[in-house]
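Have a look at the structure below before the remarks.
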Protein chains: 2
Amino acid sequence: MDADKVFKALGDPTRRRLLDLLCEQNGQTLSQLCENLDMARQSATQHLDLLEAANLVSTVKRGREKLHFINPVPLHEVYERWVRKFERQRLSLLHDLKQELEGEDQ
Amino acid sequence: MDADKVFKALGDPTRRRLLDLLCEQNGQTLSQLCENLDMARQSATQHLDLLEAANLVSTVKRGREKLHFINPVPLHEVYERWVRKFERQRLSLLHDLKQELEGEDQ
DNA sequence: TTGACATGCAGGTATTTACCTGCATATTAT
DNA sequence: ATAATATGCAGGTAAATACCTGCATGTCAA
């Protein structure tokens, strides 16, 4: 997994919107996705290419259509390998705060 | 919380490295952080400004020094509000896969 | 088979971004 | 007081990015 590609892909609001759309209904065509976007089809294609490069989206051709499927695995891996570390810090900060408050009670 | 600023901030490897460094040792000065970066101090400042704008880092001035503290809360909020949704999808895909495999056994 | 439809491909442009250098200011230590 | 240290501020540049238009190709349906 290329974490950098995943983070870069998530860094753009249009691409996050695309993932949201696919989360609502998986397997949509390019045209379907474009209906919800307000930009040229070619621009949407470029965004989808980046999502595909980050392995966040997989595609299948069906006749003249291209179907897009979301792949949540890289998102999960990024969370496990990177975000979780800060989660621990967050909890320990909460713990420290609690200790401090308890200390003030006495 | 401005999710866009958070995602944008995380989209750059230097800024993720800065968060990593602060996770190892919180409250570092600008100079300390720069020792681990391999770019001009002024460039690091710009990255830290973005992290601060995204509320991922807070700073305190101590004399002529500027101390940087990590704030894991926005990261947690982004996870809760955005990533978790795809987590559910991931689990349901695993569930579907399991169903399918069990079906093939018969 | 021919017209409509879905997508691919090849540029072109304006904005954003990630760097840099040079100099100014503020604080500490000798 | 003065030198060293830590940071701030103001541009300037090259590359990346997010758009676009125009045209080509492939597929379906009447």
By salt bridge (charged side-chain N to carboxylate O under 4.0 Å, His left out), which residues pair with [X], not counting sequence neighbours?
X: R88(B); result: none
X: K85(B); result: D20(A)
X: R15(A); result: none
X: E35(A); result: none

Q: Could you check how far CG of L48(B) sits from C1' of dT7(D), rounded to whole Å?
A: 12 Å
Q | F7(B) CZ - dT17(D) C1' separation (whole Å) | A | 19 Å
**Q.** Distance-minimising heavy-atom pair for L56(B) and A9(B)
**A.** CD1-CB, 4.0 Å
Identify each donor-acceptor pair in which a side-chain atom of residues 75-83 of chain B lies under 3.5 Å from a protein atom, sequence neighbours left out, and give them as a table.
unit_1: H76(B); atom_1: NE2; unit_2: E87(A); atom_2: OE2; d: 3.3
unit_1: H76(B); atom_1: NE2; unit_2: R90(A); atom_2: NH2; d: 3.1
unit_1: E80(B); atom_1: OE2; unit_2: R84(B); atom_2: NH1; d: 3.3

Solution key, residues 48-55 of chain B side-chain donor-acceptor pairs under 3.5 Å, sequence neighbours excluded:
unit_1: E52(B); atom_1: OE2; unit_2: T59(B); atom_2: OG1; d: 2.9

Q: Hey, could you give me each pair passing ring pair (Phe, Tyr, Trp, His ring centres under 6.0 Å) that has a residue in residues 11-60 of chain A? Not counting sequence neighbours.
A: none
Q.
Within residues 23-30 of chain B, which residues have any heavy atom lying less than 4.0 Å from an atom of DNA chain D?
A. T29(B), L30(B)
Q: Can you check each nucleotide of nucleotides 18-30 of chain D against protein heavy atoms at under 4.0 Å and return B for base, S for sugar-phosphate only, - for none, in 5' to 3' order?
A: SBBBB---BBS--
Q: Report yes if at least one side-chain N or O of K66(A) is closer than 4.0 Å to OP1 or OP2 of dG8(C); otherwise report no.
A: yes
